[in-house]
K.L.:
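Got a structure here, written out as structure tokens. Questions coming.
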Amino acid sequence: MNRHVTELEFERGLADIRTALERLEKAEAKGGPDVVAQANKVRASYDQALTEIYRDLTPWQRVLISRHPQRPRFLDYVATLFPDFIELHGDRHFGDDGAIVGGLATFADRSVMLVGEQKGRSTKENITRNFGMPHPEGYRKAERLMRTAGKFDLPIISFIDTSGASALQDDEARGVSWAIAECLKTQANLHVPIIAVVISEGMSGGAIAIAMGNRVLMLEHAVYSVIAPEACASQLWRDVSAAPEAAAAMQVSASQLLQLGLIDRVIPEPIGGAHRDPEVAAQYVQAALREEFSLLANEGLDWTTHRYEHYRHLGRMELLMDGSQTTGNGRH
Amino acid sequence: MNRHVTELEFERGLADIRTALERLEKAEAKGGPDVVAQANKVRASYDQALTEIYRDLTPWQRVLISRHPQRPRFLDYVATLFPDFIELHGDRHFGDDGAIVGGLATFADRSVMLVGEQKGRSTKENITRNFGMPHPEGYRKAERLMRTAGKFDLPIISFIDTSGASALQDDEARGVSWAIAECLKTQANLHVPIIAVVISEGMSGGAIAIAMGNRVLMLEHAVYSVIAPEACASQLWRDVSAAPEAAAAMQVSASQLLQLGLIDRVIPEPIGGAHRDPEVAAQYVQAALREEFSLLANEGLDWTTHRYEHYRHLGRMELLMDGSQTTGNGRH
Amino acid sequence: MDFLRRARGERFRPVEQQALEQLPDDVWHKCLGCRELLYEKDFEANLHVCPRCGHHHRLTVSQRIESLADPGTFAETDHELRSLDPLGFTIRDRRYLDRLREAEESAGVPEAVVSGTASLDGRPISLAVMVMEYLGGAVGSVAGEKITRTVERACDEQRALIIVSQSGGMRMHEGLFSLMQMAKSSAALARLERAHLPYISIIADQTYGGATASWVALGDIIIAEPGARVGFSGPRVLQAIKIRLPEETQKAEFMLQHGMVDLIIPRPQLRATVSALLRHLTSHCSARKAAPAPKRRRITVRSTEARE
Amino acid sequence: MDFLRRARGERFRPVEQQALEQLPDDVWHKCLGCRELLYEKDFEANLHVCPRCGHHHRLTVSQRIESLADPGTFAETDHELRSLDPLGFTIRDRRYLDRLREAEESAGVPEAVVSGTASLDGRPISLAVMVMEYLGGAVGSVAGEKITRTVERACDEQRALIIVSQSGGMRMHEGLFSLMQMAKSSAALARLERAHLPYISIIADQTYGGATASWVALGDIIIAEPGARVGFSGPRVLQAIKIRLPEETQKAEFMLQHGMVDLIIPRPQLRATVSALLRHLTSHCSARKAAPAPKRRRITVRSTEARE
Ligand SMILES: [Zn+2]
Ligand SMILES: [Zn+2]
């Protein structure tokens, strides 16, 4: 576990223990059994503190974790889980967006098409990746690669990590809404299975655009939301500082969304979050994907129909009967 | 017939007769039977001279006619033949190219999709239309509309009039070659019939891009060529002024191409060319299209296969047998 | 009828009720485009388009339906669907369910989508019209469900689909349920596409967010009304993320120029255009009905002799 | 072997002949990129890529085939096809047929395309390689026919398609017959697409015109070699129409940046990449072979309880 990550506001309590531990660990190598014992004790209390902090996170705290600068990105998972990944570039129309990466790889002895949203880490990379906010050509690249996957009968795994699609003038001019809509329609039409994994931030149309999976997975501390909590707060609370309330009200965390039937599986994270142990996080993702794969591979499903039914039933509503209200749902 | 058109170099002999006739015609209204008789005589000799000039045009002269500034454009034919035309704009990706126009109309009691290359006439319109040189988004608009036609079982009529696709840096950046290739593939895949009409200039890849008809028609003085004669001359003759020779050598005229089996029908033009009587030219085009339509409408063809076989057999070659050459062709 | 207040989306009541309350001082209306005073009867007759400057004022949902459907043919569907509050959403003790009740009262309709079947010049259509007056046309479970059912009804009953959109975006009060309506409706439209049935998407003023990025953009033909504001992020979202777009960006004319929209049609010509488009896009149906499609066979029209 | 002259496209002879004529002073070659003197054996071993600056020099067609096909598996097809002179084309009394004879002599092959079948790491492929040395890779009836047959052979024999392109454009001497090769080959590629067979399009240096605007652009995966010049109008056409494009425009790297090309792969890694891509794109075939596809049935994996 890497304890040298940027600590978030709500992890403030860790700093003292960590500092003490760092001092002890320096002494540990040449110190006697006393020092080792004490170091072990402090280590245990660090782990304890971390476990307690992460036992009961608020949705807003998860929003902050999902945006943690050291949180593993799509390409970090690719490096670990898909070592033979061949990146394929371009939308064949306009450009090669850095905020969406895609290509071919092998997983569980099967060829798969990967598509994922990619944030940067350095300033330079953030510019290349547009801070993980895809341009229209990114969605068009994703759509093209998904169609290629459909043509060659390859399952698709998509990784979602975006604060939203890019929404500047050029994006409007190149039809960001159109690109997202086409992406959705293409996924709806595909006869291959799609597994979507929300790995960190899944915000708004920019997230659902590539997340129309037959199975939708989320990392434990990832968030998935109709809109960024800040934007929700600013509109409904008329106060951007109400973002934590907005995050709570919109139920953006994985466990809540599983409860609501909006996602299919929560992938656990190591204690202290994926960014404290990216290796273990990748193993958990791998294990979950393997399970999903054995599920998918064994079924001779009509994935198009399966996907239709999957999304067809999302929504909660009631039917008004004879003037009196009867609780029901929207299925027919 | 409109005698007040710009006369081309090889029509120089007409000017004197026309001037004389103009003077007589002014007098004709209030003049006696003598004046009328003389005017009739001069009119006849004008028609005679024109007929003689147009009886035996060289390929290069036809190139000049095909580029005549007053020659009817795609939208002139639309105005006459398709009065209920509804233009549909845009490629849904980047822009709405003025050099390619498309939309729905009725012809011979059937709904059809029209797609055509459009040159301008005024300087302003020429800028909007990029002098009839389509950008990638023009071909992508054409392709989109053709796919729409395929989806809704509508025959396609395409009108070709271009000196070539636009080939500047931005066109390369947006993949002009890719756009043309996709256009070709889409036409190959369509199950609806396509009639292509080369109305004036059909130059190079920019022309064939929308001309992959089950039937290919050409106006009598239109030209259709693998490359503009000037570019051919400059490359093969190393002398741009050899363009007339290049035009002759490449056999760019309608009658030659019919003879070679490269087009299916020549549509006659009024004496002196379509630009001297656009109304009559439009009637001829209408008559030809009506005939094609009755041909197409009565057949329950597999148009995709028909188109495949149509283009599959284009090309002349021989098979070398046992070291000796036997004239043959490329079919198999 | 207080037209001005209604046009600003502050208040809306069904036409019948308005007629009862009409007062003499309401017969003139000030155009929102050119500030000209317009005589109400002319204004109504011109479908709320200013005859002077062409400004397109908002139509009520019933006026919109009347402007498209053949008289007396509109049969509303799914009127009985009502939103729930799946998240128990409250803003400073203000409950979403209360907000819904207020919205219904002020808009005069119980949802942001009114849907039904009708005919247009005799052709069967499945029609959905969005209602800006109901929570700013924000899309939640019910709006998404009604759009989806409208698409499915087109599939199942071989109708052409028409959706008139105007929407502020997704309804945040229903969280991810709202976002999923994009996927749900797009999946239905993919089915419609596979059935080769036509869909004409009509953009009225102020169409943003999830609606734009799903059903609005997926029309076979996309028509916008002149001057209609249309885009991805609505103005309030842009404000929240501190982005200012140039004035002209999110406009029908900008979208036409950039290839996203097929046509901009003034409202008085809208019905005729839609009718003509439907005639074209359904012409193969009548052709098929008229004569059963002959079996496909491979023949070569042209002589192979001529070819080589 | 006179490598430098050959690299400039002035002269080309089959490898065997070259070997015979190899003289001691030919063992060093000057790199066209960095002017470094390279030892020929290293240069050959590195597939004509400069180990110092990475400049990709032209490969002969046999080297190209050897670099992709499994040893001994290449079987040439349609070698017997020869151009005719359908237009009786002469340039100042110089006949096209004479030009063809010269081209064959200097290029060592009788057309601008060499085609055949082979395997690549055991997977069956249908392969076409263009030959710049033959009339600058200009496409006429025979080149188009050979490309088309290569595509059809892929369809008919369930092979993956690989085309290595380099071409100055369409062959003007055959007039519209040449232009029609774009339509012919695209139609064949449309058939391949409908058969769901993979096509990998490889762009070598100098690929222009009709080739680019048909088969080059229609690959499922498009790979370019580093620094390869690729574009619509070739330099001589641009010169004729008096257009000067910025240096960087018609380059593989520019095309990658603008989304047209999937990958730029240095030649030494090209074979392995193509092989891996083919493994992925044909994996469904082996999956299908391994187990007969079960009948599709509608089931819902997830519990409907969890959903509402
Ligand atoms: Zn006004
Ligand atoms: Zn070098």
Side-chain angles (χ1 to χ4, degrees), chain A residues 164-165 167-169 171-178 180-182 184-189 204-205 207-209 211-212 224-228 230-237 240 245-246 249-252 257 260 262-263 304 307-308 311-312 314-321 325 327 330 332, chain C residues 80-84 86-87 89-92 140-142 144-145 148-149 169-184 186-191 193-194 209-210 212-218 231-233 236-241 243 245-246 249-250 254-255 258-260:
Chain A
L168 302 180
Q169 187 181 28
D171 302 300
E172 290 284 5
R174 298 200 295 272
V176 62
S177 305
W178 273 251
I180 290 172
E182 289 289 340
L184 290 169
K185 194 180 69 177
T186 292
Q187 286 168 90
N189 274 327
S204 191
I208 182 68
M212 210 170 144
Y224 194 4
S225 178
V226 65
I227 193 168
E230 291 89 339
C232 177
S234 131
Q235 286 180 69
L236 296 188
W237 274 258
V240 73
E245 285 94 314
M250 290 193 294
Q251 306 202 17
V252 299
L257 294 171
L260 291 166
L262 285 161
I263 63 161
T304 317
R307 203 177 300 108
Y308 195 86
Y311 289 91
R312 182 65 193 86
L314 295 185
R316 291 246 179 123
M317 60 208 81
E318 61 180 358
L319 274 165
L320 198 72
M321 307 259 199
Q325 300 203 347
T327 303
H332 64 166
Chain C
E80 66 283 6
L81 286 175
R82 292 291 182 283
S83 293
L84 288 173
L87 310 182
F89 200 96
T90 55
I91 306 161
R92 295 197 187 100
S141 295
V142 173
E145 179 72 20
T148 303
R149 290 189 184 188
M170 287 290 148
R171 204 179 295 175
M172 294 165 273
H173 316 74
E174 295 183 29
L176 208 63
F177 283 107
S178 295
L179 191 67
M180 289 303 127
Q181 306 312 311
M182 290 174 69
K184 183 162 92 178
S186 298
L189 285 167
R191 243 187 89 190
E193 175 182 78
R194 296 197 297 273
T212 313
S214 55
W215 61 81
V216 172
L218 293 176
F232 182 57
S233 300
R236 287 198 296 176
V237 176
L238 289 175
Q239 203 180 4
I241 57 178
I243 288 176
L245 295 182
T249 304
Q250 293 186 327
F254 179 87
M255 292 300 176
H258 288 281
M260 302 303 149

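Here is how names work: the chains are called A, B, and so on, in the same order as the sequence lines, proteins then strands, and each is numbered from 1. Keep in mind the model is a prediction, meaning the values are calculated, not measured.
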K.L.:
Measure the spacing between CD1 of A/I208 and CE of C/M182 and express it to the nearest 0.5 Å.
P.N.:
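Rounded to the nearest 0.5 Å, the CD1-CE separation comes out at 7.5 Å.
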K.L.:
Between C/L179 and A/I227, does the side chain to side chain contact (heavy atoms under 4.5 Å, CB included) criterion hold? Intermediate values first, please.
P.N.:
CA-CA 9 Å; C/L179 191 67; A/I227 193 168; over 6 Å; no
K.L.:
Evaluate side chain to side chain contact (heavy atoms under 4.5 Å, CB included) for A/Q251 paired with C/F89, printing each intermediate quantity in order.
P.N.:
CA-CA 9 Å; A/Q251 306 202 17; C/F89 200 96; over 6 Å; no
K.L.:
Pick one of side chain, backbone, both or neither for A/L168, based on which atoms fall under 4.5 Å of a heavy atom in chain C.
P.N.:
both
K.L.:
How long is the gap from OH on A/Y311 to NZ on C/K184, to the nearest 0.5 Å?
P.N.:
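NZ of C/K184 is found 12.5 Å from OH of A/Y311.
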K.L.:
Short question: side chain of C/Q181, backbone of A/L314 - any donor-acceptor pair under 3.5 Å?
P.N.:
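Yes; at least one donor-acceptor contact below 3.5 Å.
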K.L.:
Output yes when A/R312 and C/E145 qualify as a salt bridge under the 4.0 Å nitrogen-oxygen rule, no when they do not.
P.N.:
yes
K.L.:
Distance check, rounded to the nearest 0.5 Å: C/L81 atom CG versus A/M317 atom CE?
P.N.:
6.5 Å
K.L.:
Identify which of C/S178, C/S233, C/A188, C/S83 forms the greatest number of heavy-atom pairs closer than 4.5 Å to chain A.
P.N.:
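Among the listed options, the one with the most contacts to chain A is C/A188.
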K.L.:
So, A/W237 side chain and C/I91 main chain: donor-acceptor pair closer than 3.5 Å or not?
P.N.:
no
K.L.:
If I measure from the heavy atoms of chain A, does C/I243 come under 4.5 Å with its side chain, its backbone, both, or neither?
P.N.:
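Only the side chain of C/I243 comes within 4.5 Å of chain A.
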K.L.:
Is there a donor-acceptor contact under 3.5 Å from the side chain of C/S141 to the main chain of A/G315?
P.N.:
no
K.L.:
Measure distances from A/E182 to the heavy atoms of chain C and classify the residue's part below 4.5 Å as side chain, backbone, both or neither.
P.N.:
both
K.L.:
Check each atom of C/L245 against the heavy atoms of chain A and say whether the ones under 4.5 Å are side chain, backbone, both or neither.
P.N.:
side chain
K.L.:
Measure distances from A/L236 to the heavy atoms of chain C and classify the residue's part below 4.5 Å as side chain, backbone, both or neither.
P.N.:
both
K.L.:
Going by atom types only, do A/Q169 and C/T249 share a side-chain donor-acceptor pair under 3.5 Å?
P.N.:
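Distance-only check passes for A/Q169 and C/T249.
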K.L.:
When rounded to the nearest 0.5 angstrom, what is the spacing between CD in A/Q235 and CE in C/M172?
P.N.:
4.0 Å
K.L.:
Taking side chain as everything from C-beta outward and backbone as N, CA, C, O, which of these in C/T212 sits under 4.5 Å from a heavy atom of chain A? Side chain, backbone, both or neither.
P.N.:
both
K.L.:
Taking every non-hydrogen pair under 4.5 Å, which of C/A240, C/A183, C/G209 racks up the most with chain A?
P.N.:
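Sorted descending by pairs with chain A, the first entry is C/A183.
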K.L.:
Tell me which of these, C/M170, C/R194, C/Q239, has more heavy-atom pairs under 4.5 Å with chain A than the rest.
P.N.:
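The answer is C/R194.
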K.L.:
Tell me, side chain or backbone of A/R307 under 4.5 Å from chain C's heavy atoms, or both, or neither?
P.N.:
neither
K.L.:
To the nearest 0.5 Å, tell me how far C/F177 CZ sits from A/M250 CE.
P.N.:
14.0 Å
K.L.:
Using modelled atom types only, decide if a donor and an acceptor are shared between the side chain of A/E172 and the backbone of C/F232 within a distance under 3.5 Å.
P.N.:
yes
K.L.:
If I measure from the heavy atoms of chain A, does C/E193 come under 4.5 Å with its side chain, its backbone, both, or neither?
P.N.:
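It is the side chain, since no backbone atom gets that close.
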K.L.:
Under 4.5 Å heavy-atom distance to chain C, tell me which part of A/A165 shows up: side chain, backbone, both or neither.
P.N.:
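Answer is both: backbone and side chain atoms of A/A165 are under 4.5 Å from chain C.
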K.L.:
Chain C heavy atoms under 4.5 Å from A/S234: which part of the residue, side chain, backbone, both or neither?
P.N.:
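Interface part for A/S234: side chain.
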